> 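I have a structure here, written as structure tokens, and I will follow up with some questions on it.
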Amino acid sequence: MFPEVDASPLLQHLNPEQRAAVTLPNEHALILAGAGSGKTRVLTTRIAWLMTTGQVSPGGVMAVTFTNKAAKEMMTRLGTMLPVNVRGMWIGTFHGLCNRFLRAHYKLANLPQSFQILDTQDQLSAIKRLMKQFNIDEERFPAKETQWFIAGCKEDGLRPQAVTARNEEDRRKVEIYQLYEEQCQREGVVDFGELMLRSYELLRDNDPIRQHYQRRFRHILIDEFQDTNRLQYAWIKIFAVNPDGSPGAGNSVFAVGDDDQSIYAFRGARVGNMADFVREFDVRHQIKLEQNYRSYSNILDSANALISHNKGRLGKNLRTDQGPGEPVRVYESPTDLAEAQWLVEEMRHLVRDQGTEPGLRRSEIAVLYRSNAQSRVIETALFNAGVPYRVYGGLRFFERAEIKHALAYLRLLENPNDDTSFLRVVNFPPRGIGARSIEQLQDAARAAGCSLHDAVSATTGKAGANLGAFVARIDVLREQTLNLSLREIIELVLQHSGLVEHYRSEREGAERIENLEELASAAESFVMQEGFGRDAVALPVDELSQSPASQGLDPNQPLLNEPAPDYVAPDAETGETLSPLAAFLTHAALESGDNQAQAGQDAVQLMTVHSAKGLEFDAVFVTGLEEGLFPSERSMSDHEGLEEERRLMYVAITRARKRLYLSYSQTRLLHGQTRYNVRSRFFDELPEGALKWLTPKNQNFGGSAFGFGTGYASTRAGSGGGSWSRDSRDNRDTFASPPVPVQKAAPSHGLKSGMQVFHTKFGEGTVLSIEGQGDDARAQVKFGRHGVKWLALAVAKLTPVP
DNA sequence: CGAGTAGTGTAGATA
DNA sequence: ACACTACTCG
């Protein structure tokens with residue numbers, strides 16, 4: 001175990017509540033962390049404190065978040081507190097950790113080691129393809145609905161057999177679900193829900209595995225607990241409680257959340273999980289973090305007053321030591337356009353020095369709105385005024401069509417049976433393979449029970465020739481890329497797929513080509529950062545009962561850790577591991593890239609309230625506060641919906657540090673019609689004393705009572721791209737980070753490419769290439785019967801053949 | 001095969 | 001109003 005180390009410096013800058021949370025005993029705990037109360041700080045300090053006081057080794061911690069961004073932040077902060085290799089720790093998103101777990105136990109999970117992950121788009125096209133194949137009426141069963149149904153079932157932990165169908169329609173849906181599962185299994189792909197469900201089932205049904213992880217993870221920490229869905233809750237629970245309800249190995253779950261910031265019920269989040277957690281885990285430690293370090297009290301008072309209108313809260317009241325600050329300013333405008341113009345004007349004042357106060361940076365000003373459509377008029381106003389701005393949202397890097405196309409080619413190299421990818425690019429760029437050829441091919445594949453790729457050889461005629469040429473091209477590429485680096489593979493694929501050439505002739509192709517080039521760079525920095533280590537979790541089952549290796553701690557030395565992290569868990573028996581390509585494809589699916597605004601330019605930030613969650617700004621404008629918009633029309637019918645809207649408003653308000661502006665417009669152009677709106681009911685729930693009305697607080701007139709002419713034309717500036725409008729380069733620097741230097745070390749394995757080697761299971765083979773060093777070194781070996789394999793040299797027993 | 005067009009829907013969005 | 005999808009016609 002770790003010797004005790006003085007942990008007090010860690011606690012120095014914490015307030016009493018935070019300190020109490022950080023130093024709780026090893027038992028389940030719920031931390032109610034209000035907005036701006038230092039939640040992330042508590043989480044990371046808790047981990048650091050547990051380790052420095054010798055209560056847990058780095059390998060004994062699991063910390064779960066929802067977003068990659070949050071996981072990264074946690075690792076970065078932890079890294080600054082302790083000399084520990086955070087990358088090797090089990091800190092990540094639910095799906096990232098599930099992926100790691102399934103790679104390590106792919107055999108038990110009944111998956112191929114290099115299974116690929118379907119994102120939402122991929123899943124939808126897989127479903128469409130399936131429905132077409134089985135002649136399912138898309139009128140009666142829209143693909144999107146089916147997708148929603150399947151994802152929903154998985155989130156509730158239900159396999160097709162377990163779903164109770166109440167009517168014929170449901171029965172049919174369940175059938176489709178069943179077929180979809182079979183298709184995924186056949187093709188070796190999993191969707192996001194499957195990552196969670198399959199790892200949950202493995203933990204539930206395999207006693208040795210469950211016991212191993214229950215003993216291993218002494219401390220489990222969860223961020224944003226209010227956003228967990230049923231399955232995620234069950235997944236957490238299985239680490240602490242056995243399926244029969246008996247207690248597990250006595251680990252502790254440290255859940256941090258804020259029921260007042262629960263805004264994702266629409267995608268399956270259950271705030272109720274917080275109360276369930278307290279009950280089912282017999283939680284005896286609940287701590288509220290109510291001290292806010294972000295905002296002045298006028299802002300906090302508004303937030304507190306608003307949220308107090310919700311029923312059934314766990315109960316929290318934010319407080320601050322800062323003074324009242326500026327009042328919350330409220331503005332009413334006749335039109336949405338006028339609202340936007342006012343906002344631009346107000347911003348100018350904020351940016352310019354005003355009296356004694358220094359001006360704000362534009363990036364410290366945010367404009368929030370309920371729905372994306374509202375950004376347009378604001379963008380126009382900003383554009384016309386020449387104010388740089390940045391819009392969050394939209395397509396992310398790995399979701400762009402050209403990137404998806406390139407990835408599809410790459411997936412086909414890795415797995416020719418990936419029919420989704422096959423169909424995506426079989427005729428892109430166009431190569432004379434039309435719908436009819438593809439239909440024939442699909443029929444042939446179904447008849448033969450094989451993949452589209454394998455069915456090509458059976459086709460004949462002109463269509464067959466084109467298809468044959470396509471498959472040959474892919475197969476040749478696969479051969480050619482065998483011993484190339486990931487970057488070289490991608491470059492070769494970009495050339496030989498014809499993608500680059502195709503986009504060269506397209507109108508807006510230049511940007512797409514740039515993105516494709518960016519993909520190659522992204523791959524390169526991925527290889528550097530990942531280092532391709534192995535993960536010690538892949539223990540043979542008979543070793544599972546042993547506790548994780550404990551290591552000594554010298555405060556001056558980095559904490560020893562399990563060898564590096566993600567994606568690659570070599571098979572315990574053969575040492576077989578993922579190819580860099582397969583690992584990169586996984587990375588692309590799990591991290592579709594940030595939506596972060598470009599760091600370089602000082603620009604005003606535009607985003608929905610949802611995407612503002614977790615962020616903070618000096619000045620915040622919450623716009624479009626009108627009945628029907630915010631709260632939104634569709635939420636207003638039921639109580640639950642309205643309460644979620646209120647929480648959303650609460651999130652919006654608590655983003656502001658110094659200045660908060662609330663605005664609404666009497667009329668608004670929506671769906672091509674001018675709508676007459678009433679100001680939001682939320683204004684009536686704010687404390688009058690904290691507000692300052694910039695326009696007289698007049699009565700509102702009921703919506704359609706005004707049902708006449710529009711009067712306000714929407715003057716839109718020439719759309720085209722100003723230098724700071726939305727552009728596709730938003731994500732650029734995320735992927736172009738400078739390469740991490742690789743330390744040179746003498747190889748200890750003594751292998752070189754070209755060498756003949758012998759493997760106990762795969763027999764004799766030729767080394768094609770070697771990557772990484774030390775424990776992370778991996779070799780690509782071509783075997784006679786077993787084909788090309790990637791082997792982790794620390795695990796695989798390879799002997800040179802003379 | 002691909003361009004033009006008719007039809008449809010329109011909240012929020014992580015992995 | 002507008003964007004996206006699906007379908008028709010050359």
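A, B, ... follow the sequence lines: proteins, then strands. Residue 1 opens every chain. As the structure is a prediction and not an experimental result, all values here were calculated from the model.
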> Hey, is the side chain of R396(A) poking within less than 4.0 Å of OP1 or OP2 on dA15(B), counting only N and O atoms?
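Checking R396(A) against dA15(B): at least one side-chain N or O falls below 4.0 Å of OP1 or OP2.
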> Given the P atoms of dT5(C) and dG12(B), what is the spacing between them in whole Å?
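About 16 Å, rounded to a whole number of Å.
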> When all nucleic acid strands are considered with a 4.0 Å heavy-atom cut-off, which category describes D119(A): base, sugar-phosphate, or nothing?
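Touches nothing.
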> Could you check whether F66(A) and the base of dA15(B) form a stacked pair, meaning centres closer than 5.5 Å and planes differing by less than 30°?
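Not stacked: fails the 5.5 Å / 30° test.
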> Kindly say whether the aromatic ring centers of F682(A) and H309(A) come within a distance under 6.0 Å.
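Here the rings of H309(A) and F682(A) have centres that are no less than 6.0 Å from each other.
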> Just N and O in the side chain of N68(A): are any of them under 4.0 Å from OP1 or OP2 of dT14(B)?
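No, outside the criterion.
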> What nucleic acid atoms does T120(A) come within less than 4.0 Å of, heavy atoms only: base, sugar-phosphate, or nothing?
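Base contact.
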> Quick check on dA11(B): is either OP1 or OP2 less than 4.0 Å from any side-chain nitrogen or oxygen of N372(A)?
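For dA11(B), OP1/OP2 do not have a side-chain N/O of N372(A) under 4.0 Å.
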> Count the heavy atoms of every other residue, nucleotide or ligand shown that sit under 6.0 Å from CD of E640(A), and state whether that count exceeds 12.
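No.
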> Classify S632(A) by what it touches in the nucleic acid, base, sugar-phosphate, or nothing, heavy-atom distance under 4.0 Å.
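Here S632(A) touches the bases of the nucleic acid.
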> Which word best sums up how the rings of Y264(A) and F266(A) line up, parallel for under 30°, tilted for 30 to 60°, or perpendicular for over 60°?
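Rings of Y264(A) and F266(A): tilted, 30 to 60°.
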> Reckon G432(A) touches a base, only the sugar-phosphate, or nothing at all at heavy-atom distances under 4.0 Å?
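If one applies the 4.0 Å heavy-atom cut-off, G432(A) turns out to touch the sugar-phosphate alone, with no base involved.
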> Reckon R634(A) has a side-chain N or O less than 4.0 Å from the OP1 or OP2 of dA11(B)?
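Indeed, a polar side-chain atom of R634(A) lies that close.
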> Look through every strand shown and name the nucleotide pairing with dG9(B) as Watson-Crick or G-U wobble, where both distances are under 3.5 Å.
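Across any shown strand, dG9(B) pairs with dC2(C).
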> Go nucleotide by nucleotide along DNA chain B from the 5' end; which of R267(A) and A435(A) gets its closest nucleotide reached first?
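Nearer the 5' end of the strand: A435(A).
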> For S611(A) and dA13(B), is the shortest distance between a side-chain N/O and OP1 or OP2 below 4.0 Å?
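Checking dA13(B) against S611(A), a side-chain N or O does come within under 4.0 Å of OP1 or OP2.
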> On a whole-Å scale, what distance lies between the C1' atoms belonging to dA3(C) and dT14(B)?
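Straight-line distance between the two C1' atoms is 24 Å.
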> Classify the nucleic acid contact of E645(A) as base, sugar-phosphate or nothing, counting any heavy atom under 4.0 Å across all strands shown.
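Base: the residue E645(A), judged by heavy atoms under 4.0 Å, touches a nucleobase.
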> Examine the base of dA11(B) for any acceptor or donor lying under 3.5 Å from a partner atom in the side chain of R370(A), and report the outcome as yes or no.
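Between dA11(B) and R370(A), which were checked side chain against base, a qualifying N/O pair under 3.5 Å is present.
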> Does N427(A) reach a base, just sugar-phosphate, or nothing at all? Heavy atoms under 4.0 Å.
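The residue N427(A) makes sugar-phosphate contact but no base contact.
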> Are R376(A) and dA3(C) close enough that a side-chain N or O sits under 4.0 Å from OP1 or OP2?
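R376(A) to dA3(C) OP1/OP2: side-chain N or O found under 4.0 Å.
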